[in-house]
A.B. asks: 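Submitted below is the structure of interest, expressed as C-alpha cells.
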Amino acid sequence: MTKYLFITGGVVSSLGKGLTSASIGLLLEHRGLTVRFLKLDPYINVDPGLFSPAQHGEVYVLDDGSTTDLDLGHYERFTNTTLTWNSSWTTGQIYQRVFEKERRGEYQGATVQVIPHITNEIKQCLLRLGGSETDIVITEIGGTVGDIESLPHMEAIRQFSLDVGKENCLYIHLTLIPFLKAAREIKTKPTQHSVGQLRQIGIQPDILICRTEIPLSRDERAKIGLFCNIAANAVIEERDKDFSIYEVPVTLMENKLDQLIVDKLKIPNAGTLDLTDWYELLNRIRNPERELTAAVVGEYAEMRDAYKSTYEAIDHAGIAHRAKIRVLRISSRNVRQSETRRDLRKADAILVSGCFGETELEGKIEAVRIARENKIPFLGIGLGMQCAVIEFARNVLKLDGANSTEYDKDTPYPVICLLDEHRLFTAQGGTTKTGADATVFQIPSKIAEAYGNEQLSSERFRHCYEFNNQYREQWNQSEMRITASSSDGLLVHAVELLEHPWFIAVQFHPEFKSQPIKPHPLFASLIAAAVKKQQTS
C-alpha cells in the first residue's frame with residue numbers, strides 16, 4: 001500500500017517547503033524507498049509556463065514538456081524520481097478539469113461544488129501517483145495555512161486520510177519560530193496559532209518542523225509539543241543554513257526525521273540510511289581548493305529564484321572541481337556600463353542565460369562579444385545561444401543588422417527566425433518546442449568532449465525561435481561551427497568557436513538536468529575551462 005506524506009506551511013511564506021520536501025525525499029530514497037512528488041499550488045493560473053520570473057521565480061521544465069513551479073527543480077536535484085505532468089497541479093488546472101467534466105455531462109446535472117467535486121479532483125491527483133511501484137507520495141501544499149486559496153487543498157488532504165486510512169497518511173507542518181533579538185528569546189505563539197488553524201480544518205500534524213535562527217532547547221520543544229498536541233520527539237529543529245542548502249538533509253537526519261516517518265507510517269521495507277555520498281559532497285563544499293568568479297548575464301539576473309537552476313548548476317560544477325564559485329549577477333540592461341564591462345573582462349567564466357519574452361537583447365550580445373574577444377570560457381543557454389549567433393554574424397561575418405526576427409522583423413539578415421519543423425501551438429499565440437529531445441553531437445568537438453565523446457544526449461528545451469538553416473553553409477565555413485543538431489538534423493542545437501579555449505552555446509537548457517552529486521557535463525566542462533584559465537593566467 002502506498003503511503004502519503006503531506007507537507008504544509010504556516011506563519012509566513014517562503015519557509016522552504018520545497019527544499020524540505022526534497023530533503024525528505026532524499027532521505028527516504030537513501031533508505032531504499034521509491035518516492036514520488038506532487039506539488040499542489042493555490043494559484044488560479046492554468047499554465048505555470050506563463051509565470052513571470054520577476055514575480056514567481058523560474059519556470060521549471062520537465063522531460064514531458066510540462067512547465068511547472070520551481071520547487072519541482074528541488075525534487076529532481078535531490079532525488080532520482082521521475083516527474084511528469086501529474087506531479088504539479090494548480091487550483092486553476094483543477095477547476096478547469098471540473099469544468100470540462102461538467103460540460104461533458106459527467107456530473108449528470110448535479111450542482112457542482114467545492115465539496116465534493118473540487119476536493120475529489122484533488123484526491124484523484126494523489127491517487128494517480130500511488131500504486132504498487134510507489135512506496136511513498138510526498139505532497140507539498142503551496143501557500144500558507146489560513147490562505148483562502150489553499151482551503152480546498154487542505155480539505156482534500158483532510159478527507160484523504162478517511163479514504164485510504166489514517167495509518168497510510170502523515171502530516172508534516174513547517175512553521176517559523178521567531179527570535180526576538182531585543183528580548184533574546186524565541187516566540188512559539190505564532191506556531192501555536194498556525195497549528196490551531198490546521199486543527200480547525202480537521203488536520204492534526206503528526207510532525208512539526210520548526211525553522212529557527214537558534215537551537216531549540218529540550219524544554220522549548222516540550223512546550224511546543226504540549227500546546228500543539230505533538231510528541232516532543234516529533235518537534236524537529238531546522239536551523240537556518242548560512243553555509244549550504246545541501247546541509248538540510250543531514251540536519252533532518254540528525255533530528256531522526258527519516259526514522260520518525262518510517263515508524264509512524266509503519267513502512268516495513270525501509271533499509272538503513274547511508275549518506276556517504278552526501279557527506280562527501282559537504283566535505284567538498286567546506287574545503288574548496290580555489291575560488292572562481294562566474295558572471296551570469298540575464299534579464300532577471302539579480303533575482304536568484306529567476307535563474308534558480310542555473311545558479312545551482314554552477315554550484316554543482318564548482319563542487320565537482322573543489323572550487324568556490326563567486327557568482328556575479330549582471331542585468332543585461334547594465335552590460336554597456338563601463339564598470340560592468342570591466343567586471344565581465346575580469347571574470348573566469350561568462351554565462352548568458354535564456355529568457356522567454358521581452359528582454360534587453362543588446363546587453364547580452366555585448367556580453368558575448370566580451371567573452372569571445374577576451375578568450376573567456378563562455379556558455380550560452382537558449383536565447384544566450386541566439387545572441388552568440390547574432391554577435392558572430394554582426395562582428396565577424398560582417399552581416400550588419402543581423403538579428404532575430406523575434407526582435408526585428410525587418411532585419412536584413414534573419415540568422416534567428418521561426419521554423420515550421422517540430423512546432424506545437426502555445427497559449428502565447430506563437431509556437432514553441434518544450435520538453436526533452438535527442439541531441440546529436442558532431443565528433444570531434446568541444447561539446448562532445450564535455451559529454452565524454454558520447455554521440456547522443458537527451459536535453460530539455462523551451463523556445464520558439466531557431467537558427468536559420470539558410471545560413472548553415474556559411475556558418476560551417478567559418479570559425480563558429482554547428483556541433484549539435486536534432487536527431488533528424490533539421491534543427492541546430494549547439495554552436496561553438498574553434499579558435500577559443502571554451503566557447504559553447506546551446507539551444508537547450510542543461511541547468512534542468514544538473515544535480516549536486518552529478519553536475520551537468522556542460523557546466524562541469526565550463527568550470528574546468530575556468531580553472532585552467534585561472535591557472536595559466
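None of these values were measured; they are calculated from a predicted model. Sequence positions, counted from 1, serve as the residue numbers for this chain.
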A.B. asks: Are the side chain of S514 and the backbone of E511 linked by a donor-acceptor contact shorter than 3.5 Å?
C.D. replies: no

A.B. asks: Going by the rule side chain to side chain donor-acceptor pair (under 3.5 Å), which residues pair with T188 if we only count those two or more places apart in sequence or in a different chain?
C.D. replies: Q192

A.B. asks: So, do H173 and Y171 have ring centers that fall under 6.0 Å from each other?
C.D. replies: no

A.B. asks: Which heavy atom in L27 sits nearest to a heavy atom in P249, and how many Å separate them?
C.D. replies: CD2-O, 3.6 Å

A.B. asks: Look at K308 together with E312 and state whether they make a salt bridge at an N to O cut-off of under 4.0 Å.
C.D. replies: yes

A.B. asks: Are Y246 and I285 packed together at the side-chain level, in the sense that at least one heavy-atom pair is separated by less than 4.5 angstrom?
C.D. replies: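 In short, these two side chains touch, coming nearer than 4.5 Å.
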
A.B. asks: State yes or no: are the ring centers of H56 and Y43 separated by less than 6.0 Å?
C.D. replies: yes

A.B. asks: Using the side-chain contact (heavy atoms from CB on, under 4.5 Å) rule, take I177 and T191 through it: C-alpha gap first, then chi angles, then the decisive distance, then the call.
C.D. replies: CA-CA 7 Å; I177 305 290; T191 291; 3.2 Å; yes

A.B. asks: Distance-only, no hydrogens or angles: does the D348 side chain make a donor-acceptor pair with backbone N or O of A294 under 3.5 Å?
C.D. replies: no

A.B. asks: Does the distance from a Lys or Arg side-chain N to an Asp or Glu carboxylate O, for E280 and R286, drop under 4.0 Å?
C.D. replies: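 Between R286 and E280 there is no salt bridge, as every charged N stays at least 4.0 Å from the carboxylate O atoms.
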
A.B. asks: So, applying side-chain hydrogen bond (donor to acceptor under 3.5 Å, both in side chains) with K39, which one of T90, T139, D69 is it?
C.D. replies: D69

A.B. asks: Could you walk me through whether H520 and E459 pass the side-chain hydrogen bond (donor to acceptor under 3.5 Å, both in side chains) test, one step at a time?
C.D. replies: CA-CA 11 Å; H520 190 280; E459 299 292 345; 3.0 Å; yes

A.B. asks: Would you confirm whether Q204, through its side chain, and N229, through its main-chain N or O, come within 3.5 Å as a donor-acceptor pair?
C.D. replies: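 The answer is yes, because a donor-acceptor pair under 3.5 Å joins these two groups.
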
A.B. asks: For L265, does its backbone N or O pair with a side-chain atom of K3 as donor and acceptor, under 3.5 Å?
C.D. replies: yes

A.B. asks: Could you tell me whether E237 and R221 have a side-chain N and a carboxylate O separated by less than 4.0 Å?
C.D. replies: yes

A.B. asks: Can you name the nearest heavy-atom pair linking Q197 to V145, along with the distance?
C.D. replies: OE1-O, 3.5 Å

A.B. asks: May I ask you to say whether K256 pairs ionically with E254, meaning some side-chain N is under 4.0 Å from a carboxylate O?
C.D. replies: no

A.B. asks: Considering non-hydrogen atoms only, spot the tightest contact between A295 and I330 and give its length.
C.D. replies: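 Minimum heavy-atom contact is CB-CD1, 4.0 Å.
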
A.B. asks: Between Y60 and E76, is any side-chain donor less than 3.5 angstrom from a side-chain acceptor?
C.D. replies: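 Yes, because at least one side-chain N or O of Y60 sits under 3.5 Å from a partner of the opposite role on E76.
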
A.B. asks: Between E299 and Y307, which heavy-atom pair has the shortest distance, and what is it?
C.D. replies: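 Closest heavy-atom pair between E299 and Y307: N-OH, 3.0 Å.
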
A.B. asks: State, with a plain yes or no, whether a side-chain heavy atom of I136 is found less than 4.5 Å away from one of T2.
C.D. replies: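 No, too far: nothing below the 4.5 Å cut-off.
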
A.B. asks: Taking all non-hydrogen atoms of both residues, which atom of C228 and which atom of L208 are closest, and how far apart?
C.D. replies: SG-CD2, 4.3 Å

A.B. asks: Can you tell if the side chain of I24 reaches within under 4.5 Å of the side chain of L257, non-hydrogen atoms only?
C.D. replies: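 Side-chain contact under 4.5 Å: yes.
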
A.B. asks: Taking side-chain hydrogen bond (donor to acceptor under 3.5 Å, both in side chains) as the cut-off, I'd like each qualifying pair that reaches into residues 23-32, sequence neighbours left out, listed once.
C.D. replies: H30-D277, R31-D258, R31-Q259

A.B. asks: Donor-acceptor pair, distance only, cut-off 3.5 Å: does the side chain of E220 make one with the backbone of S217?
C.D. replies: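 Yes: the side chain of E220 pairs with the backbone of S217.
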
A.B. asks: With a 4.5 Å cut-off on side-chain heavy atoms, are F78 and L19 touching?
C.D. replies: yes

A.B. asks: How long is the span from the CG atom in L174 to the CD1 atom in I236, to the nearest 0.5 Å?
C.D. replies: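 Result: 11.5 Å between the selected atoms.
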
A.B. asks: Going by distance alone, is a donor N or O of one side chain under 3.5 Å from an acceptor N or O of the other, for S309 and R77?
C.D. replies: yes

A.B. asks: Would you say R218 has more than 12 foreign heavy atoms packed within less than 6.0 Å of its CZ?
C.D. replies: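 For R218, atom CZ is not crowded (no more than 12 foreign heavy atoms under 6.0 Å).
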
A.B. asks: Nearest heavy-atom pair of P48 and T68: which atoms, and what distance?
C.D. replies: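 In this case the closest contact between P48 and T68 is CB-CA, 4.0 Å.
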
A.B. asks: Say you draw a straight line from NE2 of H153 to CD1 of I94; how long is it, rounded to the nearest 0.5 Å?
C.D. replies: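 It comes to 6.0 Å.
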
A.B. asks: Are P190 and L176 side-chain neighbours, meaning at least one heavy-atom pair lies under 4.5 Å?
C.D. replies: no

A.B. asks: Backbone N or O of N283 within a donor-acceptor pair of the N287 side chain at under 3.5 Å?
C.D. replies: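 Yes; judged by distance alone, with no hydrogens or angles, the pair exists.
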
A.B. asks: Starting at CG of L281, measure out to CG of L275 and round the result to the nearest 0.5 Å.
C.D. replies: 11.0 Å

A.B. asks: Test your reading of the model: is there a side-chain donor-acceptor pair from S150 to the backbone of P42, 3.5 Å cut-off?
C.D. replies: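 Checking the backbone N and O of P42 against the side chain of S150, no donor-acceptor pair under 3.5 Å is found.
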
A.B. asks: What residue among R284, R304, K324 forms salt bridge (charged side-chain N to carboxylate O under 4.0 Å, His left out) with D315?
C.D. replies: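 Of the listed residues R284, R304, K324, the salt bridge (charged side-chain N to carboxylate O under 4.0 Å, His left out) partner of D315 is R304.
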
A.B. asks: Which residues satisfy the side chain to side chain contact (heavy atoms under 4.5 Å, CB included) test with K518, sequence neighbours excluded?
C.D. replies: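 Testing K518 for side chain to side chain contact (heavy atoms under 4.5 Å, CB included), a comparison that skips the adjacent residues, returns Q515.
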
A.B. asks: So, R460 side chain and G435 main chain: donor-acceptor pair closer than 3.5 Å or not?
C.D. replies: no

A.B. asks: If we only count heavy atoms from C-beta on, is the V327 to Y311 side-chain gap below 4.5 Å?
C.D. replies: yes

A.B. asks: With heavy-atom distances below 4.5 Å as the criterion, would you say the side chains of E213 and R239 are in contact?
C.D. replies: no

A.B. asks: Can any side-chain N or O of K17 pair as donor or acceptor with the backbone N or O of G143 at less than 3.5 Å?
C.D. replies: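 Checked: pair present.
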
A.B. asks: Has the side chain of S87 got a donor or acceptor atom that lies under 3.5 Å from a matching backbone atom of T84?
C.D. replies: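 Yes; judged by distance alone, with no hydrogens or angles, the pair exists.
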
